[in-house]
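Below is one structure, written out as structure tokens, with a few remarks after it.
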Amino acid sequence: MYAADASFGDTARELVCDLFYGLGVGGVVTEDLPPQNGSVRGQVKGYFYSDEAGLKKLSYLKKKVEKLTAEGRMVCNMGCCEVDDADWANAWKEHFHTRLVGEHIVIKPSWQAYQPGAEDIVIELDPGMAFGTGTHATTAMCLKMIEQYVGDGDHVLDVGTGSGVLMVAARKCGAELVWGVDNDPVAVTIARENLLLNNVAEADFSVFSAELVGGIGRRFDVVVANILTSVVIELVPALKDVMRDSGLFICSGIIEEKREAVEAALQGHGFAIEKIMHEDAWICIAARL
């Protein structure tokens, strides 16, 4: 297992995160570092398997990081080391704490105690190797959208489900049925474990490995996708095959500079923009078919 990290300045954190997501990393660990010579600093860590594909990803990441530095957008240094799977699965836990997201959704690590309030919607989570703790801005905005839009009886599809946190949230917000797809078999396993951990009945969910929505074979009231911008745009033309009339598409993982491209893709395929959220340098869009 390779652990790659990059130190950088200011809000460039979001650009580096986007590089990791583009390589299929389900989640990253970010942290602030003490300022140095008046410069704001931070760090992003992501994990790849130590195989031929992992080496190619590291090479690609290095080139992209060097390009960002050359463009003058940040000063970025990259390093990597090998870690055991067990270390990978536990290294990020010190950064994951109970957190309120939106009005009532509470994300709680499975290993921490929490006394819920009367209106709390508690999601107990052990993201494992799939990451996806709900604390990153892109996931948090999806959770807020789900809290606002998902209602009793809805059928919800989560594309790129990761840890399954959005599936759990949708079920606890009233969805009758939740499906999730991910191209990473590890994510599928972790998502299933988290659904069961949150007492979601097996009859009420399905999670499996697939590329986007190919072969889904049914329609949903709400489709959620917290994935890379380019993949969101690729997904849009296929949504009509998996969405019911007047269905809602919630998409996140979009950086501000790519917002117009996503809006154009949505509107070009018959969607009306219903709501846009902003957090840090990230965008989340809800669009109605």
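Along the sequence shown, residues carry numbers from 1.
- In terms of heavy-atom proximity, C142 sits nearest to L166 at CB-CD2, 3.8 Å.
- In this structure, the side chains of L195 and M167 come closer than 4.5 Å at one or more pairs of heavy atoms.
- Taking CG of D120 as the reference point, atom NZ of K172 lies at 10.5 Å (rounded to 0.5 Å).
- Here the side chains of F249 and V232 are in contact, with some heavy-atom distance below 4.5 Å.
- Aromatic rings of W179 and F220 (six-membered ring for Trp) have centroids within the 6.0 Å cut-off, being under it.
- Side chains of H155 and R244: a donor-acceptor N/O pair is present below 3.5 angstrom, by distance only.
- At a cut-off of 3.5 Å, with distance as the only test, no side-chain donor of T161 or D182 sits close to an acceptor on the other residue.
- Of all non-hydrogen atoms in K275 and M145, the two that sit nearest each other are O-CE, 3.8 Å.
- No side-chain N or O of N194 forms a donor-acceptor pair with one of S163 less than 3.5 Å apart.
- Proximity of S110 to L125: side-chain heavy atoms (C-beta onward) are nowhere separated by under 4.5 Å.
- Panel note: side chain T138, backbone G253; no donor-acceptor pair is recorded below 3.5 Å.
- L197 and V207 sit in two unconnected hydrophobic clusters of ILVMFWY residues. Membership requires side-chain heavy atoms under 4.5 Å apart, directly or through other members.
- The shortest distance between side-chain heavy atoms of I121 and V106 does not fall below 4.5 Å.
- No side-chain heavy atom of E66 sits under 4.5 Å from any side-chain heavy atom of M78.
- Side chain of K108 to backbone of V122: no donor-acceptor contact under 3.5 angstrom is found.
- Inspection of the Q112 and T98 side chains reveals an N or O donor paired with an N or O acceptor under 3.5 Å.
- In the hydrophobic cluster analysis, where Ile, Leu, Val, Met, Phe, Trp and Tyr join through side-chain heavy atoms closer than 4.5 angstrom, L235 is grouped together with I273.
- Between H104 and E147, the side chains place no donor N or O within less than 3.5 Å of an acceptor N or O (distance only, hydrogens not considered).
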Quiz item: What do the steps show when you test H278 against I276 for side chain to side chain contact (heavy atoms under 4.5 Å, CB included), and what is the final call?
Solution: CA-CA 7 Å; H278 305 255; I276 297 178; 3.7 Å; yes
Practice problem: For V156 and V150, run side chain to side chain contact (heavy atoms under 4.5 Å, CB included): C-alpha distance rounded to whole Å, both residues' side-chain angles, the deciding distance at 0.1 Å, then the answer. | Solution: CA-CA 8 Å; V156 178; V150 172; 4.2 Å; yes
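- Connection of L196 to V200 is established within a shared hydrophobic cluster, with ILVMFWY side chains joined at heavy-atom distances below 4.5 Å, either directly or through further cluster members.
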Practice problem: Using the side-chain hydrogen bond (donor to acceptor under 3.5 Å, both in side chains) rule, take D154 and Y149 through it: C-alpha gap first, then chi angles, then the decisive distance, then the call. | Solution: CA-CA 10 Å; D154 281 344; Y149 287 108; over 6 Å; no
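- Looking at E279 and K144, a side-chain N of the basic residue comes within less than 4.0 Å of a carboxylate O on the acidic one, giving a salt bridge.
- The cluster map of Ile, Leu, Val, Met, Phe, Trp and Tyr, joined by side-chain heavy atoms under 4.5 Å apart, puts L157 and L212 in the same cluster.
- Judged by distance alone, the side chain of N198 and the main-chain N or O of E124 form a donor-acceptor pair under 3.5 Å.
- Taking the side chain as every heavy atom from C-beta outward, I233 and L266 never approach each other to under 4.5 Å.
- Of all heavy-atom pairs between A169 and L143, the closest is CB-CD2, 3.5 Å.
- In this structure, I283 and I255 have side chains that are not in contact, with every pair of non-hydrogen atoms separated by 4.5 Å or more.
- In this structure, C251 and V262 approach most closely via the heavy-atom pair SG-CG1, 4.2 Å.
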Quiz item: Do V213 and V159 pass the side chain to side chain contact (heavy atoms under 4.5 Å, CB included) test, and can you show the C-alpha distance, the side-chain angles, and the key distance before you say yes or no?
Solution: CA-CA 7 Å; V213 296; V159 182; 3.8 Å; yes
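- For the pair I250 and I285, the minimum side-chain heavy-atom distance is 4.5 Å or more.
- Classification of R192 and E202 as a salt-bridged pair holds, one side-chain N sitting under 4.0 Å from a carboxylate O.
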Quiz item: Is there a side chain to side chain contact (heavy atoms under 4.5 Å, CB included) between L177 and R218 once you walk through the steps?
Solution: CA-CA 12 Å; L177 184 74; R218 67 182 304 151; 3.6 Å; yes
